[in-house]
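Notes follow the structure.
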Amino acid sequence: MPSATFFRLPEEKRRRLVESCWAELTSVRFTDVSINRIIAAAHIPRGSFYQYFADKEDLIRYLLENMRTYFIELLRDVLTESQGDLFALPLMAYDRFIGHQGYTDPMLSQLIKIVQLNEGMDMQSLMGGPMQFLPNLLWEALDPSKLREPSRKYADHVFHMTCAVLAFAIVETLQNPGQSAQVREDIKLRVDLLRYGGAAEGYKEEIA
């Protein structure tokens, strides 16, 4: 994590440094990140960088953790707005991430670039090890009574599936930017399948 010195920097200087770091991380693989390029873009001495971060891995972990926090807080806001309805999350989050006229959430754009540049890399290890898929902030914001089983484990499975619907919709939109209206309808259908199931009643009885 950054040193206390980093957090005491003037706002403008800290912002310039962080923006330079993000520009580097979204341009090259993590293994090719250059502190020299970062400090040149941020207009700071090399020695100052090491007053803020131990090394470039420390920097990468900090930025990825900030990214993770951003997404968790956005999803928490969505769950709060939907009164804890986990099934409402894919469509509402999609509308936050993908706007009209080709707008894409800037943090989402950065995540996509990072994933594309670092295909096959173990992101978990860079962020300090395995993390719980359904974070506490989201568990606290959802209403378990809206689920067939109100347990944390069951909610985690549902969260996995709703995130898959959201992620697939985002990929579809990025591949075909003019199809967002159709993608929204597809999200509604897929969420309906999650909420109610896709098997006919007679077939359900046969396999019960």
Side-chain angles (χ1 to χ4, degrees), residues 1-2 6-7 9 11-44 49 52-79 89-135 137-138 159-160 162-180 183 187:
M1 292 298 292
F6 172 78
F7 293 107
L9 284 172
E11 179 63 28
E12 191 279 332
K13 187 174 183 179
R14 187 168 66 247
R15 178 191 56 78
R16 188 173 71 242
L17 173 58
V18 169
E19 287 178 353
S20 300
C21 294
W22 275 120
E24 180 71 6
L25 257 67
T26 53
S27 300
V28 298
R29 285 178 59 84
F30 289 152
T31 52
D32 297 326
V33 166
S34 167
I35 293 174
N36 286 335
R37 284 195 295 265
I38 290 172
I39 63 176
H43 306 294
I44 63 171
F49 178 89
Y52 311 142
F53 298 96
D55 48 35
K56 71 178 184 181
E57 286 75 20
D58 189 31
L59 163 69
I60 292 169
R61 279 192 296 270
Y62 169 68
L63 293 181
L64 291 182
E65 182 58 33
N66 277 0
M67 175 178 279
R68 179 174 178 270
T69 299
Y70 173 85
F71 288 125
I72 290 173
E73 290 179 350
L74 185 150
L75 296 180
R76 180 196 58 191
D77 291 346
V78 167
L79 283 172
L89 185 143
L91 185 59
M92 292 178 67
Y94 177 83
D95 287 340
R96 296 281 190 97
F97 286 130
I98 306 292
H100 301 294
Q101 299 177 341
Y103 169 84
T104 302
D105 179 271
M107 190 67 83
L108 176 63
S109 296
Q110 290 176 328
L111 173 61
I112 291 168
K113 289 177 183 176
I114 287 172
V115 171
Q116 290 172 336
L117 287 166
N118 297 278
E119 185 177 356
M121 185 168 287
D122 182 7
M123 298 289 185
Q124 281 192 349
S125 64
L126 278 169
M127 295 185 69
M131 294 169 292
Q132 196 170 41
F133 193 76
L134 177 61
L137 279 178
L138 300 188
F159 183 60
H160 267 83
T162 54
C163 284
V165 171
L166 173 61
F168 190 71
I170 289 171
V171 170
E172 285 183 308
T173 304
L174 294 176
Q175 291 176 342
N176 300 285
Q179 300 298 314
S180 59
V183 170
I187 291 174

By salt bridge (charged side-chain N to carboxylate O under 4.0 Å, His left out) - contacts of Glu73 (at least two apart): none
Non-neighbouring partners of Gln110 that pass side chain to side chain donor-acceptor pair (under 3.5 Å), sequence neighbours left out: none
Output yes when a side-chain donor or acceptor of Asp55 lies under 3.5 Å from a complementary backbone atom of Glu57, and no otherwise. yes
Side chain to side chain contact (heavy atoms under 4.5 Å, CB included) partners of Leu174, counting only residues at least two apart: Thr104, Ile112, Ile170
Going by the salt bridge (charged side-chain N to carboxylate O under 4.0 Å, His left out) test, which pairs reach into residues 24-39, not counting sequence neighbours? Glu24-Arg37
Salt bridge (charged side-chain N to carboxylate O under 4.0 Å, His left out) partners of Glu11, counting only residues at least two apart: Arg14
Residue list, ring-ring contact (aromatic ring centres under 6.0 Å, His included) with Phe49, at least two apart or on another chain: Phe53
Taken in chain and number order and not counting sequence neighbours, the residues that satisfy side chain to side chain donor-acceptor pair (under 3.5 Å) with Ser20 are none
Going by side chain to side chain donor-acceptor pair (under 3.5 Å), name the residues that satisfy it together with Asp95, two or more places apart in sequence or in a different chain. Arg184
Over all heavy atoms of both residues, which pair between Phe30 and Asn118 is shortest? Give the atoms and the distance, please. N-OD1, 2.8 Å
Using only atom types and a distance under 3.5 Å, with no angle test, would you say the side chain of Asp105 pairs donor to acceptor with the backbone of Leu108? yes
Quick one: closest heavy-atom pair of Leu138 and Leu75, and the distance? CD2-C, 3.8 Å
Using the rule given for side-chain hydrogen bond (donor to acceptor under 3.5 Å, both in side chains), can you reason through Ser180 versus Tyr94, listing the C-alpha separation, both sets of side-chain angles and the distance that settles it, and then say yes or no? CA-CA 10 Å; Ser180 59; Tyr94 177 83; 4.8 Å; no
Basic-acidic side-chain contact under 4.0 Å: Glu65, Arg61: no
Where is the tightest heavy-atom contact between Pro135 and Arg68, given as atom of each residue plus distance? CG-NH2, 4.4 Å
For Phe168, check ring-ring contact (aromatic ring centres under 6.0 Å, His included) against everything at least two apart and list the hits. none
Check for a donor-acceptor pair, side chain of Lys56 on one end and backbone N or O of Thr31 on the other, with a separation under 3.5 Å. yes
For Tyr52, the side chain to side chain donor-acceptor pair (under 3.5 Å) test, sequence neighbours excluded, returns none
